[in-house]
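For reference, the structure is listed below as structure tokens.
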Amino acid sequence: IGKIAGNPSKYMDKDVAIAGRVTNSFGIPLVGGVYKLDDGTGSMWVVTNRGVPSKNSQVGVKGRIQEGLSFGGKNYGLGMIEEERRVK
């Protein structure tokens, strides 16, 4: 996550995979949600169209990096749009 945040243009609109611990999450039933993933080098918001993982769960996620990520009317800046997820 630290490498992505340090040079976002290199990863923009490309499929990438990250893994870490969920530190925060917000969800809307039947709509999706957003959760913050921290891997020790940094943290990133991830938007999902399914349920959000619970706080402190270990998650691996694959998706596309995007600037100006928004959900529920709030802008989260640089983040990822989830395509696949694995929870430990």
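To the nearest 0.5 Å, the span separating CD1 on I18 from CG on L37 amounts to 5.0 Å. We find the CD1-CD1 distance between I1 and I65 to be 8.5 Å, quoted to the nearest 0.5 Å.
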Distance-only criterion, 3.5 Å: show the donor-acceptor pairs between side-chain atoms of residues 69-83 and protein atoms not counting sequence neighbours.
from, atom 1, to, atom 2, distance (Å)
N75, OD1, G77, N, 2.6
E82, OE1, Y35, OH, 2.6
E82, OE1, R85, NE, 2.7
E82, OE1, R85, NH2, 3.3
E82, OE2, T48, OG1, 2.6
E82, OE2, R50, NE, 3.2
E82, OE2, R85, NH2, 3.3

Could you give the side-chain donor-acceptor pairs of residues 53-60 under 3.5 Å, partners two or more places apart or in another chain?
from, atom 1, to, atom 2, distance (Å)
N56, OD1, R21, NH1, 2.7
S57, OG, S54, O, 2.3

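With sequence neighbours excluded, no residue forms a side-chain contact (heavy atoms from CB on, under 4.5 Å) with N49. Considering only residues two or more places apart in sequence or on other chains, N7 meets the side-chain hydrogen bond (donor to acceptor under 3.5 Å, both in side chains) condition with S9. Partners of D39 by side-chain hydrogen bond (donor to acceptor under 3.5 Å, both in side chains), not counting sequence neighbours, listed by chain and number: T41.
In the hydrophobic cluster analysis, where Ile, Leu, Val, Met, Phe, Trp and Tyr join through side-chain heavy atoms closer than 4.5 angstrom, F26 is grouped together with V31. Both V87 and V22 sit in one connected hydrophobic cluster of ILVMFWY residues. Membership requires side-chain heavy atoms under 4.5 Å apart, directly or through other members. Both V47 and W45 belong to a common hydrophobic cluster when Ile, Leu, Val, Met, Phe, Trp and Tyr are linked at side-chain heavy-atom distances under 4.5 angstrom.
Residue pairs satisfying the salt bridge (Lys or Arg N to Asp or Glu O under 4.0 Å) criterion with at least one member in residues 3-17, sequence neighbours excluded, are listed as follows: D15-R64.
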